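In what follows, a single structure is set out as structure tokens and then discussed.
The chains referred to below are lettered A, B, ... by the order of the sequence lines, with proteins before strands, and numbering in each begins at 1. Since the structure is predicted, the reported quantities are computational estimates derived from the model, not experimental observations.
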Number of protein chains: 2
Amino acid sequence: MDTKDLPANILDPNCPSRVIFQRIGDKWASLVIQVLGDGPVRFSELRKMVNVVTPKVLTQTLRTLERDGLITRTVYAQVPPRVDYQLTPMGESLLQPLSMLREWAESHVPTIMEARDAYDDAQDEALLASPK
Amino acid sequence: MDTKDLPANILDPNCPSRVIFQRIGDKWASLVIQVLGDGPVRFSELRKMVNVVTPKVLTQTLRTLERDGLITRTVYAQVPPRVDYQLTPMGESLLQPLSMLREWAESHVPTIMEARDAYDDAQDEALLASPK
DNA sequence: GACAACGGTATCCATTGGATACTGATAGCT
DNA sequence: AGCTATCAGTATCCAATGGATACCGTTGTC
């Protein structure tokens, strides 16, 4: 059974949309894309702007983004080397959905922090009530 | 320096919005939330609908979602046990941003798969050109 | 008294992520 | 000639995370 003509369905583990969905949710990938939203950035700049990622992991992230056609990598033949990363049109089309998520996250920070505090307090009390 | 009164900024590793943003991007959390969009679901059903997650990992995911106030956990005192999970209002407010992402992922499946094939082909050729 | 249903834990191992050190090419300085 | 700095990464190693599998507690049914 070939999946390529079936309707995309994130809940199907065999559906590529699921893999793509998870790539978007990747810890660094989504941050990189948002940073690149303002134009091309070189490797070392990217490292500074996306605090704080090790070079190995940043490279991995950039390679998969490039493979998926979301960014392009441009090497300038100079020394010291210069490599620019920038969004493709498809990469740019991700900016809007991502910024909606970012806005959601930023606007719900206080509520979530309160929920965590309340939850942790309840855990502490439960622990006191039944100290094994 | 206290961060709690600063404007939320995803690029600041000390900002809670960053943590929250990454929780949304969690491999299973976002799928669970989307499944719960249609109403309460019990543990075993959730496991079937979110293919395929081990019980340990699903439990971890549900606990953190509960802690963050995105879902509630309801235990019915019966045997065999029954536990329902459902979205809080805040959890529901995540459905829209998430569905935008899902739509993006589903609609870009073909383009991304093509990009991957092209990239992999280019890699293969580069390998043939310089067989170390 | 064995079994099934359900919502988990417990344990172990594979994969991933991260910290740190290092490389290669060249220009500029001494 | 040798030393140093710059940049974009690798290489190596160790810790944290994710996943597979087995098991547990409770009670109703056969």
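Residues passing the side-chain hydrogen bond (donor to acceptor under 3.5 Å, both in side chains) test with B:E92, sequence neighbours excluded: none.
Among the atoms of the strands shown, base atoms are found under 4.0 Å from some heavy atom of B:T54. Base engagement by A:K56 is indicated by at least one non-hydrogen atom pair under 4.0 Å involving a base atom. B:Y85 comes within 4.0 angstrom of sugar-phosphate atoms only, judged by non-hydrogen atoms across all strands, and of no base. A:R47 comes within 4.0 angstrom of no nucleic acid atom, judged by non-hydrogen atoms across all strands.
Along DNA chain D, the nucleotide closest to B:V79 and the one closest to B:P55 are compared, and the more 5′ of them pairs with B:P55. Projected onto DNA chain C by closest heavy-atom contact, B:R63 and A:K27 fall at different nucleotides, the more 5' of which corresponds to B:R63.
Look at CG on A:D26: it is 7 Å from P on C:dG17, rounded to the nearest Å. In this structure, CD of B:Q22 is placed 12 Å from P of C:dG17, rounded to the nearest angstrom. Distance CD (A:E45) to C1' (D:dG9): 16 Å, rounded to an integer number of Å. As a whole-Å value, the separation of A:W28 CH2 from C:dT16 P is 18 Å. A straight line from CZ of B:R42 to C1' of C:dA5 spans 9 Å, rounded to a whole angstrom. If you take CG of A:L58 and P of C:dA19, they are 13 Å apart, rounded to a whole angstrom. When the C1' atom of C:dC6 is taken as reference, atom CG of B:L46 falls 14 Å away, rounded to whole Å. For the pair A:Q78 CD and C:dG24 C1', the interatomic distance rounds to 16 Å; values are reported in whole Å.
The side chain of B:R82 contributes no N or O atom lying less than 4.0 Å from OP1 or OP2 of D:dT26.
A:R47 contributes a side-chain N or O that, together with a main-chain N or O of A:V53, makes up a donor-acceptor pair within less than 3.5 Å.
Residue B:V57 has its side chain nearest to D:dG19 when only C:dG7, D:dG19, C:dA25 are considered. Listed candidates were C:dG7, D:dG9, C:dT9. Nearest to the side chain of B:S44 is C:dG7.
Between the CZ atom in B:F21 and the CD1 atom in B:I10 there is a gap of 4.5 Å [rounded to 0.5 Å].
No salt bridge links A:R18 with A:D12; every basic N to acidic carboxylate O contact stays at or beyond 4.0 Å.
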### Query
Going through the checks in order, is the side-chain contact (heavy atoms from CB on, under 4.5 Å) test met by A:L11 and B:Q34?
CA-CA 9 Å; A:L11 297 179; B:Q34 295 187 70; 5.9 Å; no
